[in-house]
2 protein chains.
Amino acid sequence: MLKVPVFPDSAPMPPSPSAQALHPAGKRTGRADPDSARCLMCKVREYNLCSSIEDHDVTVLAQATRQISLPPGTAVIEEGTPASAFFNVINGTVKLFKSLPDGRRQITGFADAGQFVGLSNSRTYSFGAETVSTVLLCRCTHTQIENLLAEYPGFARHLLSAVTHELADAQEQMLLLGRKTAKEKVASFLLDRIKQYHRTHPHDPDAETTASVPMTRVDIADYLGLTIETVSRTISTLRRDKIISGTENHCIRILSLPNLQDIAYGLKSI
Amino acid sequence: MLKVPVFPDSAPMPPSPSAQALHPAGKRTGRADPDSARCLMCKVREYNLCSSIEDHDVTVLAQATRQISLPPGTAVIEEGTPASAFFNVINGTVKLFKSLPDGRRQITGFADAGQFVGLSNSRTYSFGAETVSTVLLCRCTHTQIENLLAEYPGFARHLLSAVTHELADAQEQMLLLGRKTAKEKVASFLLDRIKQYHRTHPHDPDAETTASVPMTRVDIADYLGLTIETVSRTISTLRRDKIISGTENHCIRILSLPNLQDIAYGLKSI
DNA sequence: CGTTTATTTGACCCTTGTCAAGAGTAGTGG
DNA sequence: CCACTACTCTTGACAAGGGTCAAATAAACG
């Protein structure tokens, strides 16, 4: 049978306390140790990949991963370097991007709390990743991911589901980049940010009308395939048209969600 | 544990002779039946997902799938309809696309022989699919894919690898759509077509300099986020600059691969 | 061989990019 | 607490890449 590793030939990693063989599948620890408590109490555990590993096996996870905190603007993954690690975002936002030799850049997505970063099929990363805000990450080597995949069938299925979802998002973004106008692009982006805010603040009564935009105009422009000037002008227009309200730059309030939706999908001729 | 099906709640399918329960894992058939011969002799078997199922289990595959042949321009998947089937492309090319309400369309990719179409995480397809040329497909219900995933761990891993690869392609295409000029887009597209021709015609001595372009200008334009006029003009310019040669429309000969590569990555200022 | 459809080419214009300057904002340190 | 500096963001004037509309060619097909 053809071998098709998801993480082929992971580059050798510097030895770390947590870089040890996983427990055999199904082995139970009598009770939670301090490490597994970290995973059990993790605020994104129920939303992300880790939910595939049941509570009583969580020691495996805790020993396979290490948490790191990074300030805004820090490189997490360097485009073209050996692909060796995988990251879960616990808190904050990470941007993923690809670049051209002359420096032009396309941000392919933002990974918020609960999402992951660093899946690669090839020996090197085909994309870069950098923190947008202060970010808490859970790091795991590809070798350890391979072990989890081999021991927990549910994990492979969960990962497949997550990647399939990402692919659908990527296709939606291709539609945006190839066929939408600047105004439609910005409106679509704001809708995504509202959804994201709603996911992470389900109990905020204003969640329906709030968009958290932690990224700069440069990042928004590189995400939407525009220039910062066009992004700025378009947001100003939306403010002038009373579709959004103009208090702050990084927390936008939506005055007319239906109008914004119509614009995003090209139903508003204006 | 949270259940995360890759094909949730597959829509009920009309009963078909091949829509029956799979054989139990590991059950061997004494020798190949006519059905399994179809799979064993399949010309893409060694390249595609089916290689995850070993030869002695191939009856399972043969009974789970049905081959269909479709003329050019036939809808394979209707955007927004219930997601119920999955297709392997045995021969020909299928285009995948998303549309806006007013008819604007973005082709998100072309699936050539050996690739698959129809993976979906949601109840309905978020994209459409249509044949470009005459196409031979191998159809399989999502229910049957679920069974294969449950019984053959290698299959889930193979599928994960394939989807991860598709995601990387999608990211590369986002870079193209968001940040490349018309000339760079067309050059990148031609390079992809050369690679594709090389894969499918490994013994052709001209494979290094040949690009098969079965799709129309409309499809190319919808794939690159341009208009047909711009695609046409750009190809004419490449011909005038002696980078490609102008014999036919659907089989392009490359005169200077290095130049084409430089243009595709923005290294050629012209 | 004529009809239909796909492609090319031209003329013109609009959306978005480029260049440049001004206005906010956020830190920093006296 | 208030300058000072360094960004980030906004706005304006202008240019250009690519879109739109229209017509001419070239292929494809019965």
Side-chain angles (χ1 to χ4, degrees), chain A residues 71-73 100 102-106 132-134 176-187 189-190 213-241 244-252 263 266 268-270, chain B residues 71-73 95 100 102-106 132-134 176-190 213-241 244-252 263 266 268-270:
Chain A
L100 287 169
D102 63 5
R104 278 174 288 172
R105 193 181 66 152
Q106 177 65 42
V132 169
S133 53
T134 299
L176 177 147
L177 291 169
R179 288 297 180 223
K180 289 190 181 179
T181 65
K183 198 166 182 180
E184 290 162 3
K185 285 178 176 183
V186 171
F189 171 70
L190 290 177
V213 186
M215 54 291 286
T216 65
R217 293 286 183 268
V218 176
D219 284 345
I220 300 173
D222 281 351
Y223 181 55
L224 300 178
L226 298 170
T227 59
I228 53 169
E229 292 92 338
T230 301
V231 171
S232 185
R233 270 187 258 269
T234 308
I235 290 179
S236 296
T237 307
L238 289 175
R239 272 203 261 262
R240 225 170 290 131
D241 296 351
I244 62 176
S245 115
T247 47
E248 295 169 56
N249 263 332
H250 295 282
C251 178
I252 290 176
I263 294 171
K268 206 88 179 178
S269 48
I270 308 163
Chain B
K95 62 189 175 201
L100 287 168
D102 62 6
R104 280 175 287 172
R105 193 182 64 155
Q106 178 65 42
V132 169
S133 51
T134 298
L176 177 146
L177 291 169
R179 287 300 180 218
K180 289 190 181 180
T181 65
K183 199 167 181 179
E184 291 162 2
K185 286 177 176 182
V186 171
S188 302
F189 171 71
L190 289 177
V213 186
M215 55 290 288
T216 64
R217 293 287 182 267
V218 176
D219 285 345
I220 299 173
D222 281 350
Y223 181 56
L224 300 178
L226 298 170
T227 59
I228 52 169
E229 292 92 334
T230 301
V231 170
S232 185
R233 271 187 258 270
T234 308
I235 291 178
S236 297
T237 307
L238 290 174
R239 271 203 263 263
R240 225 170 290 129
D241 297 350
I244 62 177
S245 116
T247 47
E248 295 170 55
N249 263 334
H250 294 283
C251 178
I252 289 175
I263 294 170
K268 206 89 180 180
S269 48
I270 309 162

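In the text below, chain A, chain B and the rest are named by the order of the sequence lines, each starting its count at 1.
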Can you measure [X] atom [atom1] to [N] atom [atom2] for me and round it to whole angstrom units?
{"X": "B:R240", "N": "C:dT8", "atom1": "CZ", "atom2": "C1'", "result": "10 Å"}
{"X": "A:I220", "N": "D:dT8", "atom1": "CD1", "atom2": "P", "result": "13 Å"}
{"X": "B:D219", "N": "C:dT7", "atom1": "CG", "atom2": "C1'", "result": "14 Å"}
{"X": "A:K183", "N": "C:dC14", "atom1": "NZ", "atom2": "C1'", "result": "16 Å"}
{"X": "B:R179", "N": "C:dT18", "atom1": "CZ", "atom2": "P", "result": "9 Å"}
{"X": "B:L226", "N": "D:dT20", "atom1": "CG", "atom2": "C1'", "result": "14 Å"}
{"X": "A:D102", "N": "C:dG17", "atom1": "CG", "atom2": "C1'", "result": "15 Å"}
{"X": "A:R217", "N": "C:dT16", "atom1": "CZ", "atom2": "P", "result": "17 Å"}

### Query
Are a donor atom and an acceptor atom from the side chains of B:S188 and B:K180 found within less than 3.5 Å of each other?
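Checked: B:S188/B:K180 side chains pair up, N/O donor to acceptor below 3.5 Å.
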Which pair of heavy atoms, one from [X] and one from [Y], lies closest together, and at what distance?
{"X": "B:V231", "Y": "B:A221", "answer": "CG2-CA, 3.8 Å"}
{"X": "B:L177", "Y": "B:G225", "answer": "CD2-N, 3.8 Å"}
{"X": "A:P72", "Y": "A:V132", "answer": "CB-O, 3.5 Å"}

### Set of residues satisfying side chain to side chain donor-acceptor pair (under 3.5 Å) with respect to A:S232, sequence neighbours excluded
none
### Message
Quick check on D:dT8: is either OP1 or OP2 less than 4.0 Å from any side-chain nitrogen or oxygen of A:H250?
### Response
no
#### Entry: Helical bend (five base pairs per end, nearest 10°) for the helix from C:dC1-D:dG30 to C:dG30-D:dC1
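Computed angle between terminal axes is 40°.
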Do [X] and [Y] come within less than 4.5 Å of each other through their side chains, counting heavy atoms only?
{"X": "B:V218", "Y": "B:R105", "answer": "yes"}
{"X": "A:F189", "Y": "A:L176", "answer": "no"}
{"X": "B:R179", "Y": "A:D102", "answer": "no"}
{"X": "B:L238", "Y": "B:I263", "answer": "yes"}

### Query
In residues 228-236 of chain A, what residues come within less than 4.0 Å of DNA chain D, judged by heavy atoms?
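Those residues whose heavy atoms fall under 4.0 Å from DNA chain D, taken from residues 228-236 of chain A in numerical order, are A:E229, A:S232, A:R233, A:S236.
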### Task
Among D:dC9, C:dT8, D:dT20, find the nucleotide with the atom closest to the side chain of B:R239.
C:dT8
